[in-house]
S.K.: 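Quick one: structure below, then a few questions.
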2 protein chains.
Amino acid sequence: MKINALDILKEKGLSNTGPRKRILEILIGDQAPLSASEVFKKLEFEGLCHNESTVYRNLQKFLEAEIIQSFTLNDGIARFEFKKGHHHHIVCIKCKKMDCLNLCQVEKLFDEAIKKHGFMPVSHHLEFYGLCKGCSTSPLK
Amino acid sequence: MKINALDILKEKGLSNTGPRKRILEILIGDQAPLSASEVFKKLEFEGLCHNESTVYRNLQKFLEAEIIQSFTLNDGIARFEFKKGHHHHIVCIKCKKMDCLNLCQVEKLFDEAIKKHGFMPVSHHLEFYGLCKGCSTSPLK
DNA sequence: ATTAATTTGCAAGAAATGTGCAAAAAGTTC
DNA sequence: GAACTTTTTGCACATTTCTTGCAAATTAAT
Ligand SMILES: [Mn+2]
Ligand SMILES: [Mn+2]
Ligand SMILES: [Zn+2]
Ligand SMILES: [Zn+2]
């Protein structure tokens, strides 16, 4: 029942290469969403990948195959995470730690208003910003 | 009672220059948020500004003076709008038309969940994506 | 009108992301 | 498993958004 990167690649008809497999493993294993450059740094450190383009291209493939999902934070940088159901995130404005919030009753809250504007709702993006426990209790800076 | 660009500049101690005044006027007059480049195109067309840097620097100044507010859409591009109370936006995924939704009961909906994660909520960003009336009825691609 | 402070234009630089192409690796066929 | 086909990687370079240094021009202050 554990999620296996190789199985997913096979299922989606994607060839198994060192960088690709590892990128997927990282996204499967990580609880919080990662930026392309964060993913790359890990691969580079492990000597498994020498180029950011490889990471971008694989992330793009994974998105197309709907293996992962992405969203852009307010800093303008895209984050990628293994595909989960619809949910949102809370980001620490100080240390950038990010958590997933596994709930959402937003649609119904706004549904009427959106239709009043003549729009047919398709999706939405919601991120919370705040201070994590560590950062809100830290006395320094 | 009408909002006047010159008054605002004076109030905030910002000098009155051609590009600056016009940028502010545009943001005051426009119902939907604009990107820096959208603002620049207007000024350029009117022959009032020859450089995007000028637009970026003025938008930055306006943000610091809290005359305007900005947010980054999922395309990674920042939008700027004359400062209003807290609210959200609905974006047409086809024609990119954007509207403001002047309501928000999101905080209370998520407050408990956020605190459960050990975060102290500070702010949030929420954008809806959908199809505007024109785009959802248009038969052509 | 002179002087001092600010802003503009332009060129150049960052940072995130995308692309063309040849070499390398993976997948396929016999 | 060698030969062939397809895909991916690495690298160099392009793009886009946004930033910065600096001198010339403009605005504000005296
Ligand atoms: Mn998540
Ligand atoms: Mn708005
Ligand atoms: Zn934190
Ligand atoms: Zn539309």
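Per chain, numbering begins at 1; letters A, B, ... match sequence-line order. Keep in mind that the numbers below use all heavy atoms, side chains included, and drop hydrogens, waters and symmetry copies.
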S.K.: Only pairs at least two apart or in different chains count here, so list each ring-ring contact (aromatic ring centres under 6.0 Å, His included) that has a residue in residues 81-119 of chain B.
M.R.: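 Only Phe128(A)-Phe110(B), Phe71(B)-His89(B), His86(B)-His88(B), His86(B)-His124(B), His87(B)-His89(B), His88(B)-His124(B) qualify under ring-ring contact (aromatic ring centres under 6.0 Å, His included).
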
S.K.: Do Asn74(B) and Glu127(B) make a side-chain contact, defined as non-hydrogen atoms from C-beta onward lying under 4.5 Å apart?
M.R.: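 Sidechains of Glu127(B) and Asn74(B): no contact.
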
S.K.: When the distance from CG of Asp75(B) to P of dG18(C) is rounded to whole Å, what number comes out?
M.R.: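 One finds 12 Å between P of dG18(C) and CG of Asp75(B), rounded.
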
S.K.: Can you list everything that forms a side-chain contact (heavy atoms from CB on, under 4.5 Å) with Ser123(B)? Sequence neighbours excluded, please.
M.R.: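 Scan of Ser123(B) (side-chain contact (heavy atoms from CB on, under 4.5 Å), adjacent residues dropped) gives Tyr129(A).
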
S.K.: Contact between Cys104(B) and Leu126(B) at the side-chain level, heavy atoms closer than 4.5 Å - yes or no?
M.R.: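 A side-chain contact under 4.5 Å is absent here.
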
S.K.: Can you list the residues that meet the side-chain hydrogen bond (donor to acceptor under 3.5 Å, both in side chains) rule with Thr17(A), with sequence neighbours excluded?
M.R.: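 Not a single residue meets the side-chain hydrogen bond (donor to acceptor under 3.5 Å, both in side chains) criterion with Thr17(A).
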
S.K.: Between dA16(C) atom C1' and Phe80(A) atom CZ, what is the distance in whole Å?
M.R.: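 In whole Å, dA16(C) C1' and Phe80(A) CZ are 10 Å from each other.
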
S.K.: Output side-chain donor-acceptor pairs under 3.5 Å for residues 55-62 of chain B, partner residues at least two apart or in another chain, one line each.
M.R.:
unit_1	atom_1	unit_2	atom_2	d
Asn58(B)	OD1	Arg20(B)	NE	2.7
Asn58(B)	OD1	Arg20(B)	NH2	3.3
Asn58(B)	ND2	Thr54(B)	O	2.9

S.K.: Could you list the residues that satisfy salt bridge (charged side-chain N to carboxylate O under 4.0 Å, His left out) with Glu46(B), not counting sequence neighbours?
M.R.: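 Salt bridge (charged side-chain N to carboxylate O under 4.0 Å, His left out) check on Glu46(B) returns Arg22(B).
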
S.K.: Apart from Ile77(B) itself, what residues make up its hydrophobic cluster, given side-chain heavy atom links below 4.5 Å?
M.R.: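 For Ile77(B), no cluster forms, as it stays isolated from other hydrophobic side chains.
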
S.K.: Counting only non-hydrogen atoms, which of residues 18-43 of chain B are less than 4.0 Å from DNA chain C?
M.R.: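 Those residues whose heavy atoms fall under 4.0 Å from DNA chain C, taken from residues 18-43 of chain B in numerical order, are Pro19(B), Arg20(B).
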
S.K.: Honestly curious: do Leu109(B) and Ile114(A) fall in one hydrophobic cluster under the side-chain, below-4.5 Å linking rule?
M.R.: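 Leu109(B) and Ile114(A): one cluster.
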
S.K.: Work out how much the helix from dA1(C)-dT30(D) to dC30(C)-dG1(D) bends between its end axes, five pairs an end, to the nearest 10 degrees.
M.R.: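 Terminal axis comparison yields 30°.
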
S.K.: Which residues pass the side-chain contact (heavy atoms from CB on, under 4.5 Å) test with Glu11(A), not counting sequence neighbours?
M.R.: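 Here no residue qualifies.
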
S.K.: With sequence neighbours excluded, tell me which residues meet salt bridge (charged side-chain N to carboxylate O under 4.0 Å, His left out) with Lys115(A).
M.R.: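 With neighbours one apart ignored, the set is Asp111(A).
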
S.K.: Take the protein atom CG of Leu6(A) and the nucleotide atom C1' of dG27(C), then report the distance between them rounded to whole Å.
M.R.: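 Computing the Leu6(A):CG to dG27(C):C1' distance gives 14 Å.
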
S.K.: Under the criterion side chain to side chain contact (heavy atoms under 4.5 Å, CB included), I'd like the reasoning laid out for Thr72(A) against Asp75(B): C-alpha separation, chi angles, the key distance, then a yes or no.
M.R.: CA-CA 7 Å; Thr72(A) 301; Asp75(B) 60 8; over 6 Å; no

S.K.: Less than 4.5 Å apart, any side-chain heavy atom of Cys135(A) and any of Lys97(A)?
M.R.: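 They are not in side-chain contact.
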
S.K.: Looking at residues 51-72 of chain A, who's got a heavy atom less than 4.0 Å off DNA chain C?
M.R.: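 Of all residues in residues 51-72 of chain A, the ones placing a heavy atom under 4.0 Å from DNA chain C are Glu52(A), Ser53(A), Tyr56(A), Arg57(A).
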
S.K.: Write down the distance between CG (Asn16(A)) and C1' (dT28(C)), rounded to a whole number of angstrom.
M.R.: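 It works out to 15 Å between those atoms.
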
S.K.: Could you tell me how far apart Ile77(B) (CD1) and dA15(C) (C1') are, to the nearest whole angstrom?
M.R.: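 These atoms are roughly 15 Å apart.
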
S.K.: From the 5' end of DNA chain D to its 3' end, which nucleotides mark the outer limits of contact with chain A, defined by a 4.0 Å heavy-atom distance cut-off (strictly under)?
M.R.: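 With heavy atoms of chain A under 4.0 Å away, the range is dT7(D) to dA12(D).
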
